[in-house]
Amino acid sequence: MPELPEVEVVRAGLAPAVTGATVEAVDVLDERALTRHPGLPSGFADELVGREIVAPVRRGKFLWMPLAGGDARALVGHLGMSGQLLLRAPGAPAERHERVRLFLLHPHHGELAVVFADQRTFGSLAIDALVPTADRAPGGHGADLAATPLMVAHIARDPLDPAFDENAFRRALARKESAVKRVLLDQTVVSGVGNIYADESLWAARVHPETPVRMLSARAVTRLLGELRAVLQKALAEGGTSFDAQYVNVNGQAGYFAHSLEAYGRGGAPCSRCGRPIQRVGFMNRSSHFCPRCQRLP
DNA sequence: GGAATAACCTGGATGC
DNA sequence: TGCATCCAGGTTATTC
């Protein structure tokens, strides 16, 4: 499931290959990949062909490639649960679940294809207008411009973003009545966190996922934020989390962070701190994993 | 207005 | 062996 580290690995992989490249042609094989595109699916290719791509940018789980020219538009991607952006030779055979293929011409690397494949079709591509950021800081990781696509404007900055406002994060927590895990998954409060890294950071900070967020002390919030950053950075260094073929980098290679997981996906296995079995419970139509001894409800 | 929930979707795993 | 059901979860629309 692509969360911040996985999307960042994809962004970093795309950057040298697509920056400065021109879109020569676009094949839309499945229009469900364009569900977030504000215009008609038929106009997607027309808007892209002939345009030069600027360096890719990421905020949270959203990825976008600004288009050169004066009209402030960008190709925006979200990988959903199973989306992949792959670099391929233009004549490479179709990927399983391939939805869109962009044919690019790069001034130094020549012709290449960017393939968007997505098994569960929760991911999408779109072309959207760029709007100024509210805090006037660069739009996200990899950005020079203080702008984001309109559809990303409501997404908070992620904890690894230098412009992440820790005080605003604390104020947002103080206003919430929900459980801490629900707030961590709220992309308008803090972005880039999904089920895996929410469970992992809560385990590391010894916080029960159902703890009402207003009951967390300032010290506990500091600890949680620190552990969240540490988990995300470690996952990034290890190339992200891959359980199966659902997440791979632009070359189709899996990440290694699944070997470092302490809570997520380890229901019934002993906690590495205390030995008690990790518990798995239903939460928000998905699963929460936590240690009942190390992570107690206040 | 904020919080909670359902729906979207596909393929692998499981049960019968 | 074949079919039916369950499960995974990010985002958003809908409901409370």
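Chain letters run A, B, ... following the sequence lines, proteins first and then strands; every chain starts at 1. Since the model is a prediction, treat every value here as computed from it, not as a measurement.
In this entry the distance linking CZ of A/Phe62 with P of C/dT11 reads 6 Å, nearest Å. Summarising the geometry, the separation between NZ on A/Lys176 and P on B/dG1 is reported as 14 Å, rounded to the nearest angstrom. Spacing between atom CG of A/Leu63 and atom P of C/dT11 amounts to 13 Å, rounded to whole angstrom units. In this structure, A/Phe283 places its CZ atom 12 Å from C1' of B/dA3, rounding to the nearest Å. Whole-Å rounding puts the A/Arg175 CZ to B/dG2 C1' distance at 11 Å. A/Met151 places its CE atom 12 Å from the C1' atom of C/dT11, with the value rounded to the nearest Å. In this structure, A/Leu185 atom CG and B/dA4 atom C1' are separated by 14 Å, rounded to whole Å. The distance from atom CZ of A/Arg59 to atom C1' of C/dT11 is 17 Å, rounded to the nearest whole Å.
The salt bridge (charged side-chain N to carboxylate O under 4.0 Å, His left out) check on A/Asp158 picks up A/Arg58, with sequence neighbours excluded.
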Subject >> Contact letters for nucleotides 5-12 of chain B, in which S counts primed atoms plus P, OP1 and OP2 and B counts the base, heavy atoms under 4.0 Å >> reply: BB-BBBSS
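Checking C/dT12, B/dA4, C/dG10 against every side-chain atom of A/Ser178, the shortest atom distance belongs to B/dA4. Among the nucleotides C/dT12, C/dT11, B/dA4, the one closest to any side-chain atom of A/Gln187 is C/dT11.
For A/Glu111 and A/Arg88, the salt-bridge test fails: no basic side-chain N is under 4.0 Å from an acidic carboxylate O.
Note that CG of A/Leu185 is 13.5 Å distant from OH of A/Tyr197, once rounded to the nearest 0.5 Å.
Residue A/Ser287 is in sugar-phosphate contact alone, with no base atom involved, counting any heavy-atom pair closer than 4.0 Å across all strands shown.
Residue A/Asp135 qualifies as enclosed at atom CG: its count of foreign heavy atoms under 6.0 Å is above 12.
No side-chain heavy atom of A/Val114 sits under 4.5 Å from any side-chain heavy atom of A/Leu86.
OP1 or OP2 of C/dT11 sits under 4.0 Å from a side-chain N or O of A/Lys61.
Both tests do not hold together for A/Arg73 against A/Trp64: distance to the six-membered ring centre under 6.0 Å, angle to the ring axis within 45°.
There is a side-chain donor-acceptor pair under 3.5 Å between A/His289 and A/Asp199.
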